[in-house]
Amino acid sequence: MAKELNIPKDLRGTFNRLTRRIPAKLRVSEDVRKTTLTFLKLGGEKLTKASIETLRVPFVEKFILKKMQLKDDDLLETPVAQAAPAPATGENTTKTPETKPPIVP
């Protein structure tokens, strides 16, 4: 590290504990450490843990998640006329075959 981070005294213990969760390859990166400290200062420990978890996800999973997000965005951009109508509240959305009562003469 070329430049030591200026970590506030009250966050040092938490910062050190959370940096142990970062993958070893990324732990030495100054940018990752700065980002972790920023998340800790602005969002607290819970947000920092969430950001670290995204670092731990392999690239392939991130790519698949991004592709899924793009598909969802495409669905949101479809015109209303082409979109399927939303079911009314309390309406059963599963399709079941309708059975008609027998006709008695």
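This structure is a prediction, so every number in the text was calculated from the model and none was measured.
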Looking only at heavy atoms, what is the nearest atom pair of L5 and F15, with distance?
CD1-CZ, 4.0 Å
Give a yes or no answer on whether the side chain of R12 reaches the backbone of I7 with a donor-acceptor pair at less than 3.5 Å.
yes
Going from CZ on R21 to CD on E53, what distance comes out if it is rounded to the nearest 0.5 angstrom?
6.5 Å
Mind checking the NZ-CG spacing from K46 to L40? Nearest 0.5 Å is all I need.
15.0 Å
Please name all residues satisfying side-chain contact (heavy atoms from CB on, under 4.5 Å) with L26, sequence neighbours left out, ordered by chain then number.
I22, P23, V32, L55
Enter the distance from T19:OG1 to I52:CD1 here, rounded to the nearest 0.5 Å.
7.5 Å
For the pair E30 and K34, find out whether any cationic side-chain nitrogen is under 4.0 Å from an anionic carboxylate oxygen.
yes
To the nearest 0.5 Å, what is the distance between OG1 on T48 and CG on L18?
6.0 Å
Once rounded to the nearest 0.5 Å, what's the spacing between atom NZ of K49 and atom OG1 of T54?
14.5 Å
